[in-house]
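Each ligand, and each atom within it, is numbered from 1 in the order the structure gives.
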Amino acid sequence: MTVNKKKIRQQQKSTSSHIFYSKILFVFSLIVLILAIFTSRIIPSFFPRTIVSATSRLTITTMASSPQYTKELEVAQLAVQRAARLTKRVFHEKAKGTVSKDDKSPVTIGDFGAQALIISALKANFPSDEIVAEEEAAQLREDTPLRDQIWELVKSTKLDDEAAEQLLGGAIKDADAMLEIIDQGNSKGGAKGRIWTIDPIDGTKGFLRGGQYAVCLGLMVDGDVKVGVLGCPNLPVDDAAPLTADIGTKATDEGRGVIFSAVQGQGATSRPLGTAGLAEGKPIAMKPITEMSNASFCESVEAGHSDQGVAGQIAKKLGITRPSVRMDSQAKYGSIARGAGDIYLRLPTSKSYQEKIWDHAAGDLIVREAGGQVTDMNGNRLDFSVGRTLAENKGVIAAPAAVHDQVIKVVQEVLGQQ
Ligand SMILES: Nc1ncnc2c1ncn2[C@@H]1O[C@H](COP(=O)(O)O)[C@@H](OP(=O)(O)O)[C@H]1O
Ligand SMILES: [Mg+2]
Ligand SMILES: [Mg+2]
Ligand SMILES: [Mg+2]
């Protein structure tokens, strides 16, 4: 009897110590898991991709319940929509008020006007945010007729929706105030705080020749792109329309004009550029590549902006059989994000050129939120935290996440043979 009791007591003791040790083990594992997740977010390269992507999914779920950057997104979309109204007016005019910048690249009254409208909308809503924008007003201060031409456009470009126009802060006071506003885009950029980046007309050369162009706006917080908006007035509204360099010969804008948007962790959308207010956005996603031979790739129209010879060799080695679609501006990012094309290749043409952050911020986020991966030619993520340029990166390779490693491998092989 006593022996049995003793046995039972011993058994109870060992069970409760088991439970005690299991609890300790459980709490310890939990702490390790939390630490792993926390550290993997700070130093992602130390951890396998699976852990990092599981964490991102965790972030997405958390963020979905309390969407962030709602106001930023609304203001950015409306500001891009209004600026695109201005660029479309200039686009349909014969004389586009083109002048040459110091680096010999073109700039038009559309570039200056769109930048003034976007900055004034941002300053009305987020007065302490910094802005990195492409253009500056110096030339306009010495050229009064050019300044006045832009002012005429800026003061008469409004959204039809009165409430939306009010949200953007309404009209700019006068021509001098407009010049000051243009120059508020002179931030040096960097890794701290809230910084917007604007390309009022990306693909100015495309804009001038009647090709694709984009009005681009991105918000970076501590060097990371959180919001991206691309207005592409000459792309088809239809997300399923095939990728083509041709914008058609129609004089009307019917069936054309799209805004791509993304917020980090909330996916990417497209909506018609429209005329009044904002249409409902539709989620967009990159197309999975099942056969490389059926894949399409796009690149710049300008041979001076991207090495088309090297891109051709990469495509061939990947097994891509179709010729590239040459398209100006970040319309390329939008097009692959909605599955109209598959891969975007941008190979440097010179050792010294540094890509500008306004040429890539919005597109980078939109593609990544649509299921893509965007890196430089060495496979490193684009680093928007080092100033006005992507000084730490060379070239751009954007592709569906599932094949991106394969593309980078081929890029390295081809470049290694150079
Ligand atoms: N040598 C070069 N290499 C890469 N990009 C260049 C370049 N010279 C200019 N660019 C950039 O290429 C952008 C156009 O991109 P794409 O060639 O894809 O259409 C230009 O934007 P802007 O048109 O806003 O000036 C400009 O900033
Ligand atoms: Mg330019
Ligand atoms: Mg540009
Ligand atoms: Mg530009």
Mutual orientation of the aromatic rings belonging to Tyr213 and Phe207 [parallel < 30°, tilted 30-60°, perpendicular > 60°]: perpendicular

Heteroatom proximity flag, Lys332 to ligand 1, N/O under 3.5 Å: yes

Close approach, Gln212 and ligand 1, non-hydrogen under 4.0 angstrom: no

Any Gly203 heavy atom less than 4.0 Å to ligand 1: yes

Heteroatom proximity flag, Ser329 to ligand 1, N/O under 3.5 Å: yes

What side-chain donor-acceptor pairs closer than 3.5 Å can you find for residues 146-153, not counting sequence neighbours?
from   : atom 1 : to     : atom 2 : distance (Å)
Arg147 : NH1    : Asp176 : OD1    : 3.1
Glu152 : OE2    : Lys155 : NZ     : 3.3

Protein N, O or S atoms lying under 2.8 Å from the Mg ion (ligand 3), listed by chain and number: Asp199 OD2, Asp202 OD1, Asp359 OD1

Closest approach of any protein heavy atom to atom 26 (C) of ligand 1, naming residue and atom: Asp359 OD2, 3.5 Å

Residue pair Gln264 / Asp224, side-chain donor-acceptor N/O under 3.5 Å: yes

Gly304 N/O to ligand 1 N/O under 3.5 Å: yes

Heavy-atom neighbours of Lys71 NZ exceed 12 at 6.0 Å: yes

By side-chain hydrogen bond (donor to acceptor under 3.5 Å, both in side chains) - contacts of Arg209 (at least two apart): Glu302, Asp328

Geometric N/O contact Lys205 with ligand 1, under 3.5 angstrom: no

Side-chain ion pair, Lys332 and Asp202, N-O less than 4.0 Å: no

Set of ring-ring contact (aromatic ring centres under 6.0 Å, His included) partners for Trp358, sequence neighbours left out: none

Identity and separation of the nearest protein heavy atom to atom 16 (P) of ligand 1: Ser300 OG, 3.5 Å

